[in-house]
Q: 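The structure is given below, and queries will be raised subsequently.
The shown structure was predicted, so the numbers you read here are calculated from the model rather than taken from an experiment.
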Amino acid sequence: MFSPAVKKSIPSSSYYKSNNKINNDNSNFNNPDSPITPIFDSSRNADVIPNRPSTGTPAPWAASRLSVLARVPAAKKTDIGDISDPSQPVFVGEFPQVARDEQQSILLQKRIPAGQDSFSGGLDKESSLAWLVCGRKLFVWSYISHAAPRKCAVLDIPPTQINTDVSKNLSQDNSWLVYVVNWHDSGSSKGKLHLRHFSAGIILCNRKSRSIVYWPNIDPELQVSPQISEATNEEFKANFSLDGGKSAPSKHRRSNKPGGSLSPSSSFNSLTASAIFNAQNTCIALASSSDGELWKFICSPSGIQRERVNFDIESKSRQDQDDNQLVQTKGYPRSLIWHFPRSSLNVPNRQFLFLTDHEIQCFSIDLSSNFKVSKLWSHEIVGTDADLGIQKDLAGQKKVWPVDLQVDDHGKVLTVLIAIFCKDRITSSSYTEYSLLTMQYKSGANISSDYSQPRYGNILEKKAPIQVIIPKARVENEEFLFSMRLKIGGNPAGSATILSGDGTATVSHFFRGSTRLYQFDLPNDAAKVLDASVFPSDDREEGAWAILTEKAGIWAIPERAILLGGMEPPERSLSRKGSSNERSSDERRNFSFTSNIPPRRASSETWDSGDRPKAELTGIARRGAHDEESEALIGQLFHEFLLSGQVNAVYDKLKNSGAFERDGETNVFARTSKSIVDTLAKHWTTTRGAEIVSLSVLSTQLGEKQQKHQRFLQFLALSKCHEELSSRQRESLHTIMEHGEKLACMIQLRELQHLVSQNRASEAGSSYPSSESQVSGSLWDLIQLVGERARRNTVMLMDRENTEVFYSKVSDLQEVFYCLEKHLDCIINTEMPYPIQLRRACELSNACVTLLHTAMQYRNEHHMWYPSPEGLMPWFCQSVVRCGLWNMVSFMIQLSTETYRFDYETRLEFLSDLKALSEVLLEAYSGAITAKVDRGQEHKALLNEYWNRRDTLLDCLYQQVKGLADVQIQESKERSEGQYEEILETLSSGVLAIAKRHEGYQTLWNICSDLNDFELLRGLMHQGLGPKGGFSYFVFQQLHSTEQFSILMRLGEEFPEELATFLKQHQDLFWLHEVFLHRFSSASESLHELALQRNESSSIVMEESHAHTEKKVSLVERKRFLKLSKISALAGKDADYDAKVRRIDADLKILQLQEHILKVSPNIGENGNIEDHLLPPVDLIELCLKSQNRDLALLAFDVFAWTSRSFLKYNTDLLEECWRNAANQDNWEVLYERSTVEGWVEEETSCHLKDTVLFQASRRCYGTEAETFEGGFDEVLPLRQNNSGLSTMTDNSCSVEEILMQHRNFPDAGKLMLTAVVMGSMLDGSRMDDDGPSLME
């Protein structure tokens, strides 16, 4: 592969002339191994082309397609159709037929002069478009899909109109720069699959003439005319010079073109473009020339504006170190690229990078207004500091060329291809060293566009040591070096592809401490490699390398081919030319890997901080030889079983081989089952574009697979392997059975596709031709998406049709739902008319339902073959399937808002499809939850997701049902009473069944309510839906919220247990249920609790805390509940009913006190709206104390009186504060002065003291007629110090007398104060016994 190209003999001109006739003998052309080889066109005879080799890859003009099988040895073509060698490139697709025709026409007419490139082409990674320039035509198509070449944009390149003598030297030039402007947001649509149309613009630039051609949109259906901008005569005079072929080439720069030529320093070498912020189909293009110029072109549908950008590309003066003279460096700047390739379209500015002869420079361009270009930073990569890049002026080093620059998708890692011209000081031989320099930003480096002044210095640092690709290569001229291009981002991770100007492609990757090279090599008739790119991947990982050849179409390089075919760097060039140190026979291939070793995807980190790679990231995962032997033994024994039907000693042989050691998908039985269902039939590889032919054999192929898989199950059963798997390796057996499920699903999906095609072809007035009806529609697009995704992720399938891959990869059926989740917008565009959206959505919905119904049916019919289901989750219950179904359902829910636009039959069909899809989605959720519960895994989040989506689905379905009922009523000519209910009952039957199955209580309630069907409601309640009568509880809750208490209680008579469960949480009705059951004492307690809004029923609880209730209860209602509680207690008359009545009376009196206090208290406004709030006794007493009101000061003692003994004991300080407040209510100083001046006698003193608060408080608390709920005040606070109860008090106890002694007026009016409290505590507060002691004593 790395040996020099062998020069083949060229036929003489006479031979060419003698064979320039049409040969009608086609017998040697057709491939007998291909049953669908197209009929040879006699007008296209390959023998008329000169230089056509007799072997190798056929030329593009030889037939309508390339024969991939021609490159495969016969020994490789196995019966199962796995014809691809993993160590060889894989054919992906050919050029569109129109491009082939143009190539043939150009070559036959010899329109390309000798010495010039025949064709130019390229691959655009972001848009996945390929382009090819043939003569005056530009062909653009998608290179990732087989269907895409049939839809190719053919753009005519306008002729140039240069009115100068320079045009003579440019008229035949075919050196083009092409840039694809992707109108999709590359920052968010990475790896997106687009099937329906092109959404891109094209900028075409001629390197030499500097002509610019712009197509705003290349969609063939739009036929957009291009805009043209040509260089002026002044521009040519200023930038071009004719050397007439007389200028002597330099030592390292040779001209390959005879005669006069333009100076190479005046041509464009790089082109890039970007969509302009908030401008439709408008972009800005930047082009750099080899003489240091930068041009910008504003391209819009109305025209192109070109302008030279004036800026200094040098960060400092380049001076020769010897003579201190300014050096003119040709060929730079170059490698004009965007700093962040995946930038969003909505950014106002973008950064781009330049590569000069000694540094990397970064600039910013404003995309929103004036398109100003400003410099941000520069970093020297060729200098005296080896830590910053390449160290120059080393011994033997003559010159350093930075050849090309690339940046990764995230803009964080920069890779530079370096060429160094060296001279061996011992042998005096010259050679070139090629290496890769990988740079990254230093920690903390700010690279934003906000800086007004450019930054110079150390912006970057080495990410890894310099990777030497070829240490001693052939010395090439400078023109060849500048023709080399660098590509990064493909597999293996960290690999890079170097494209040389003579059409070779070399992949370099760092593996196990050394650099290895893989050169893409096809026979010579494949011509040159035009470009290389990376296949986009949906998994945000590196894709395989894609190679665009000049004549052999597009190829892919598998990762395994690079790993297995990589060689150590030889001492030779990257070009086709031989090396001075050629050692083709001595080159050592990397034989450390065997061909049956699958490569493991490496990390994007190629190196760590040292020279050696990370071992854990670059290894190759080996399948054990033990597993391979077991799998081979199973295959052999199964093959013998197919021939003889005997299973002699199969179980023992397999058990001894260790076939039962692994479980799950790695089990050898599961792998064998997968190989059966995933078999690729070799005759499925047909002529490109012949999908219809391959579709005709799909059913037969799938049927054969199903028969073989059924025989495999019989083999397992007869050999007793099934019993072993079922008991010990349940997951493996479950996987095997799921293969049968998926195979049955594929067969039904194929039948559905055939049925859809027939229906579309038979539609009246259908615009689809009969041939196209089979390859159109949303289901067809979905199949293409899934097949294309599989081809992207598996390089070995790149030479297969999307349809073939889809129907072959049976075990990956869940990928259908992945594409529905991620790429539904590619199949159903919201810009489509609503009827088209609805039709395509229903077609996809029907496909999903068919798949899941088939899987469930297969599982039911073969349930005896399955292991016990505990803990095993079916494939159709997995997250990827649920997410895909939900995305499909969500789109249909969104579409349901527009169904009023359609007729009744269409809406009815839409409802049926949505209903079926919703049912299978809910079943998938149900199965997933069951599996998680069996495994003991956390399932709360999944359960909540299931509930929310269930309610959303059922609500949408029922709204559609009601809408259809309204339409039917409006269209009805004769209306009768109950007609609407009858229609609604008929239409809602399906929704009712789903709601019953999945416990959609709200929908069940809505249906019963709208139908006004009490019997249906009772019937559903009797069915016991949900755990512990869940639906009955929901019905009671709905009746309670709508205050239909009478219906609720009547239903409670029929469902007493369910009602009791409900009423335990709704005490406002629980007492009614207990009264109905004649439980009066229990009803009394319930009413008491309801009045206090507490779980406890006594007034003590009301004193200590509050209860929060959802429904506000007024004080009037609380009093009513208390009175009802008292009546119930009296009716019950249990053993302690008297105590209950006393508690109720006490709480009732406190409620009455609260009413009075709230009316009188002036602080009620400061406490907010608390009129209906139940306040605890402490709050009531504090309100009384804050009010400074005489009446409220006395009511505080009333509150204390109706509380419990414990409340008095624990709130003694508050009681003392009440006595102090009572003493402050009267002016004792005035009373004392009046008694002294007026000389009050006892009768007068008694008369005046009766009006004091102290007297009234004493009589309320200590009088013989004082009433309390429990205990007395003297138990916690005696009246006098010498009270008999004092001996029982603690040391901290106090008395009313001591409290009064602390009053400020006690020294003067103390006797009056004590007389008042003593007089109030006497038997008769209105008079004194004559024999009693004097009050004043």
Side-chain angles (χ1 to χ4, degrees), residues 119-133 137-143 153 155 157-158 174-186 198-219 224 226-230 267-276 279 281-289 293-301 304-307 309 333-343 345 350-355 363 365 367 371 373 404-407 409 485-487 499 530-534 546 548:
F119 311 103
S120 60
L123 303 174
D124 182 69
K125 180 180 178 181
E126 292 299 327
S127 61
S128 302
L129 294 179
W131 56 270
L132 182 69
V133 176
K137 293 183 181 295
L138 172 63
F139 303 92
V140 185
W141 72 98
S142 174
Y143 66 85
L155 308 177
I157 302 176
N174 196 30
S175 181
W176 299 100
L177 293 173
V178 177
Y179 196 91
V180 180
V181 184
N182 189 10
W183 300 128
H184 286 290
D185 195 342
S186 61
F198 296 110
S199 180
I202 289 287
I203 298 178
L204 181 68
C205 175
N206 192 287
R207 293 176 181 267
K208 300 297 180 64
S209 68
R210 299 194 176 191
S211 299
I212 300 293
V213 184
Y214 172 60
W215 287 270
N217 198 311
I218 60 173
D219 193 336
V224 179
Q227 298 295 327
I228 308 171
S229 174
E230 298 180 351
S267 62
F268 281 151
N269 55 29
S270 298
L271 175 69
T272 190
S274 174
I276 293 180
N281 290 352
T282 303
C283 65
I284 182 171
L286 299 173
S288 61
S289 65
E293 290 185 348
L294 177 67
W295 287 78
K296 65 181 179 182
F297 306 91
I298 312 300
C299 305
S300 65
I304 302 175
Q305 302 177 14
R306 56 192 304 147
E307 178 184 353
V309 180
R334 59 188 306 102
S335 302
L336 174 62
I337 59 174
W338 294 116
H339 190 182
F340 300 97
R342 291 168 55 179
S343 179
L345 296 179
R350 292 190 69 176
Q351 300 177 13
F352 61 91
L353 301 174
F354 263 140
L355 182 64
F363 294 82
I365 182 169
L367 300 178
F371 308 107
V373 176
D404 199 7
L405 168 68
Q406 288 293 317
V407 63
D409 289 339
R485 290 171 292 161
L486 174 67
K487 302 290 182 178
L499 303 173
L530 298 180
D531 198 7
S533 184
V534 178
L548 175 66

Q: Hey, what do you get for CG (L204) to CH2 (W176), rounding to the nearest 0.5 Å?
A: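 Going from the CG atom of L204 to the CH2 atom of W176 covers 5.0 Å.
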Q: Ignoring hydrogens, what is the shortest heavy-atom contact between S335 and S270? Give both atom names and the distance.
A: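 The answer is N-OG, 3.0 Å.
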Q: Roughly how far apart are T272 OG1 and L336 CG, rounded to 0.5 Å?
A: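 Reported to 0.5 Å precision, the distance equals 5.5 Å.
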Q: Applying salt bridge (charged side-chain N to carboxylate O under 4.0 Å, His left out), can you list everything that pairs with D404, at least two apart in sequence or on another chain?
A: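 Once residues adjacent in sequence are excluded, D404 has no partner under the salt bridge (charged side-chain N to carboxylate O under 4.0 Å, His left out) criterion.
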Q: Going through the checks in order, is the side-chain contact (heavy atoms from CB on, under 4.5 Å) test met by C283 and F297?
A: CA-CA 8 Å; C283 65; F297 306 91; over 6 Å; no
Q: Are L499 and K487 close enough that some pair of their side-chain heavy atoms sits under 4.5 Å apart?
A: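 With C-beta onward as the side chain, the pair touches.
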Q: According to ring-ring contact (aromatic ring centres under 6.0 Å, His included), who are the partners of F352, at least two apart in sequence or on a separate chain?
A: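 Applying ring-ring contact (aromatic ring centres under 6.0 Å, His included) to F352 gives F354, F363.
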Q: Would you call W215 and L138 a side-chain contact if the rule is heavy atoms closer than 4.5 Å?
A: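 A side-chain contact under 4.5 Å exists here.
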Q: Under a 4.5 Å cut-off applied to non-hydrogen side-chain atoms, are R210 and W295 in contact?
A: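 With C-beta onward as the side chain, the pair touches.
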Q: Can you tell me which residue among I212, V213, I228, I298 is in a side chain to side chain contact (heavy atoms under 4.5 Å, CB included) with I304?
A: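 Result for side chain to side chain contact (heavy atoms under 4.5 Å, CB included) with I304: I212.
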Q: Decide whether a cation-pi geometry holds between R350 and F340; the criteria are a distance under 6.0 Å from NZ or CZ to the six-membered ring centre and an angle within 45° of the ring axis.
A: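 Not satisfied by the 6.0 Å and 45° rule.
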Q: Taking the side chain as everything from C-beta on, heavy atoms only, tell me whether I202 gets closer than 4.5 Å to V180.
A: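 Heavy-atom side-chain distance check passes, below 4.5 Å.
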Q: CG/L177 to OG/S288 distance, rounded to the nearest 0.5 angstrom?
A: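 Rounded to the nearest 0.5 Å, the CG-OG separation comes to 8.5 Å.
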Q: Does some side-chain heavy atom of F119 sit less than 4.5 Å from a side-chain heavy atom of L132?
A: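 L132 reaches F119 side chain to side chain.
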Q: Which value, rounded to the nearest 0.5 Å, describes the distance between Q351 atom CD and I337 atom CD1?
A: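 That separation rounds to 12.0 Å.
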Q: Taking side chain as C-beta onward, heavy atoms only, is S533 less than 4.5 Å from D124?
A: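 Sidechains of D124 and S533: no contact.
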Q: Using side-chain heavy atoms (C-beta onward) and a distance below 4.5 Å, is L548 in contact with Y143?
A: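 A side-chain contact under 4.5 Å is absent here.
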Q: Contact between L367 and S274 at the side-chain level, heavy atoms closer than 4.5 Å - yes or no?
A: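 Yes - at least one pair of side-chain heavy atoms lies under 4.5 Å apart.
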Q: Quick check: does any side chain N or O of W183 sit under 3.5 Å from a backbone N or O of A275, one acting as donor and the other as acceptor?
A: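 Looks like no, no N/O pair under 3.5 Å.
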Q: Once you round to the nearest 0.5 Å, how far does OG of S127 lie from CD1 of I218?
A: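 Those atoms lie 7.5 Å apart.
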Q: For P333, does its backbone N or O pair with a side-chain atom of N269 as donor and acceptor, under 3.5 Å?
A: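 Judged by distance alone, yes, a pair lies under 3.5 Å.
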Q: Is it true that a side-chain atom of E230 and a backbone atom of S211 form a donor plus acceptor pair closer than 3.5 Å?
A: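 Here the side-chain-to-backbone pair does not exist.
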Q: Is a donor on one side and an acceptor on the other found under 3.5 Å between the side chain of W338 and the backbone of A273?
A: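 Indeed, once roles are kept as given, a pair shorter than 3.5 Å links the two residues.
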Q: If you round to the nearest 0.5 Å, how far is NZ of K296 from CD1 of I365?
A: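 One finds 6.0 Å between CD1 of I365 and NZ of K296.
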